Amino acid sequence: MATQTPTTAVLDQASAQGQRPLWLETVQDWVTTVDHKKIGIMYICYALIFLVVAGFEALLMRIQLAIPNNTFVSPQTFNRLFTMHGTTMVFFVGMPILFGFGNYLVPLMIGARDMAFPRLNAFSFWISAFGGLLLYFSYLGGDGLYGMGGAPDVGWFAYAPLTERVFSPGHSTDYWTLSILLSGIGSIGTALNIVATTISMRCPGMKLNRMPLLVWLYLVVSLMAFVVVSPLTAAQIMLMLDRYAGSHFFDTQAGGSAVLWMHFFWIFGHPEVYILVLPAFAFANEIIPVFSRKAIFGYPAMVAATVGIGFISLSVWAHHMFTVGMGAWANTFFTFATMVISVPTGIKIFNWLATLWGGRIHFTVSMMFAVGFLFQFLIAGLTGIMLSVAPFDWQLGNSYFVVAHFHYVLVGAILFMIFSAFYYWYPKMTGRMLSEKIGKWHFWLFLIGFHLTFDLMHVPGLLGMPRRVYTYEADRGWAILNMLVSSGAIFQAVASLLFVSNLVYSYFKGAIAGADPWDAWSLEWSTTSPPPPYNFAVIPTVGSRRPLWDLKHPEDPDSNYEM
Amino acid sequence: MQAIRYGEHFASRLLFIPDGGKTSIFRPAGTSAHSIFGLSMLVLTITLCIFLVVASLLLYVLLRYRHRASSPEAEQEPAQIYGSTQIELSWTVIPVLIVVILFLATARVILSSEQPHEPPGALDVIVIGHQFWWEYRYPKLGIVTANELHIPVSDSGHPTPTYLTMSSADTDHSFWVPRLAGKMDLIPNKVNVMSLESQAPGLYLGQCAQYCGTQHAKMLLRVYVDTPADFAAWAAHQKQPPVEDANAALGRGIFQQNACISCHTVAGTVAAGRFGPDLTHVASRDTIASGSVINTAANIRAFVDNPAHFKPGALMPPMHLNEHDLDAVTAYLMTLK
């Protein structure tokens, strides 16, 4: 049973031999494409552009906060910066980059030729992309009738009633609402597509328990996105109704409820963190085994832990609301639920550890980022436990400690794993390797900058510094720390520039990758780099979780051992 | 208790940056902050232990199993291990036990600190958050003031905690004085209660901890924990009617004929606005502009001329008074001791 049709390495590159297409034809090709790989790459490029934009916003904020009572930007500008930074990073960097990799990899890893609904896929991308552009158009069009110019300034979770027209006249908040609404439609479309693809497009032999873990995690993420994007969309519509149709859902001056918005937002907002972090786990599940040269330890436990996280994550949202006065029993419940979610998360860390144990660990740049991810995610998880303790949260909540904690998750874990994924799959996407030399500079500079910024950022929070302040008093003892935190941002900015230049440089000058540069085991490495539009000339048949291992080791195939 | 003292000392040494600690959560000076501090030390100890164990394992594995090109087996694949139910079970059960311990310790603190049973000696204060200042009303004492909260010190033999009944006039705010207690949000259309109790007289600082609009950053908090004698003297003074200084009659007139009175109250006069801070005894406060500026004649003058000078985004408009009127109004406000 271990024998299967050899997959289709190096089939034809005949299409590459033809005439060079005209510039406009290339553009038309990309704009009208329904190919999951091209859409995936567009998602990724779009996210990278916004990553640079939102990173630049962060840099401006760090300049402002480097010294107390700074006047580098006005409070209005600063409030817009943190609103745009947060909104952009979550909705127009995090979501698209992860959906981009998902789009690219899921069909390839399950031996399919495209997503289940290619046109829906293109629609989802373009509607999300339009959402991001709409958000930034607010810098031009947000003035409204009242001259309250520019971008939204209500914070990325936009607590009511600050978003009501009394407190936010003009149209800036409407741009925020509409762009989130559009991005939500795109997310639901892509989530639907990934679920349908994984359920119905797997190649012969790929039973659910032989699916690569990456695909499993994307399945769970997509199901979660279904459940949680809907309340967010509902809340945006309610807010629009409040602002323009005279309803009073969140209008406290007419009997509405500010707390209602918090519930609607966080029932989306916390699972959203898992929607962003599970794809990072998914990358780790593929990359750590390959560079340890070992099968993933405890595949069934990893799947179970993921599904567990998916469910539990739907019951933890109000740990963002420990200070709103929900009462002792509600606080106790959400403390419990939040602590419980650390168990399946811990299982994942231990399984990665066990995968490394006894392996031969190759420290490629991709693996270095993955190792950074492991350490940093461990720390982020532990500060998360601190925040789950409701009384501790009464002190830490809404302080810079929280900002440091979630940046440890979003940058230290997720962004590190995204970098790792770039070094790992860029060769598949472009046919060329990323430069390991530039990559090492990128890694070390980013690591130094990351720790300088986000380790020290915990401390002002412990010393009483709240988040979202455009400036602070000189006598609180926060000044030196903030200066150091800001200086770390410079390292990260330089490292990011190196990364982008590596992407561009290697596209033209990188070493030719070949179909399988990492000697890996999943199906995407069985086709050419980059894969042809139809992915596989012959649809592969698999007999285990690591079809390419079976091909390379026919004497000792995986299927003999799998639980 | 001794252990907590040591912990406190250690944490302060570890984390204090020069002149820091005015608002440090690791220098508790209130009942509630103390109980949080105790719990947080337990949590920090447990998480530190987990970190040390897992991080050293990780480090060991990375060093021990790194690929060595010189090793004779360098080109072979290592033994493939697919999993082990026993091991999976052990690293599921142990974290579950840790979670149970943490949860029980936490639940105890939540349940004890969130059921306020008000003792007879308690003081009631109504706190109303505004963009971007704090209104304090003492219903039993008949005092209304702003931005500087005075409460009596409490001793363990005869506790006199203060119960804050909190709400907001506009957007969400959050009351956070880290050395006294954890934060509690002020939410419009909702009433929250928290107790504030300190055994150590002194001035405790903090600030609004929920983004509430443009000038959120300078919505500072000052809580004065007074000795019983000081508190009684302060309360008696606040209950007095405003000073009627004949020399300030000109300024008083200008104040009362301008828009000032639509937002501010000076008790017993035509000025009865509720939108801005009560000014009956404004000159007796240490600061103006919600704790962000020292209370001097020059600062009051600059603030009245254009509040955005200190607090861009403050809701008080520039008053457009001429130099002469500005001086007069400043002189009047300075008499409101």
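Remember, predicted model here, so these are calculated numbers, not experimental data. Below, all heavy atoms of this structure are taken into account, side chains as well, without hydrogens, waters or symmetry copies.
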The interface call for V166(A) against chain B, heavy-atom contacts under 4.5 Å, is neither
Whatever's closer than 4.5 Å to a heavy atom in chain B on I349(A) counts as side chain
Bottom line for I347(A): the part with an atom under 4.5 Å from chain B's heavy atoms is both
Whatever's closer than 4.5 Å to a heavy atom in chain B on W549(A) counts as side chain
Turns out that what part of Y472(A) lies under 4.5 Å from chain B's heavy atoms comes down to neither
When the 4.5 angstrom heavy-atom criterion is applied to D556(A) and chain B, the contacting part is neither
Taking the side chain as everything from C-beta on, heavy atoms only, tell me whether S74(A) gets closer than 4.5 Å to P312(B). no
Sequence neighbours left out, cut at 3.5 Å: what donor-acceptor pairs do the side chains of residues 92-106 of chain B make with other protein atoms?
unit_1  : atom_1 : unit_2  : atom_2 : d
T92(B)  : OG1    : E88(B)  : O      : 2.7
T106(B) : OG1    : L102(B) : O      : 2.7

Looking only at A160(A), S292(A), G346(A), G359(A), the option with the highest number of non-hydrogen pairs under 4.5 Å against chain B is G359(A)
Honestly, the part of D251(A) sitting under 4.5 Å from a heavy atom of chain B is neither
If one checks every heavy atom of F157(A) against chain B at 4.5 Å, the contacting part turns out to be side chain
Applying a strict 4.5 Å limit to non-hydrogen atoms, the region of A305(A) in contact with chain B is neither
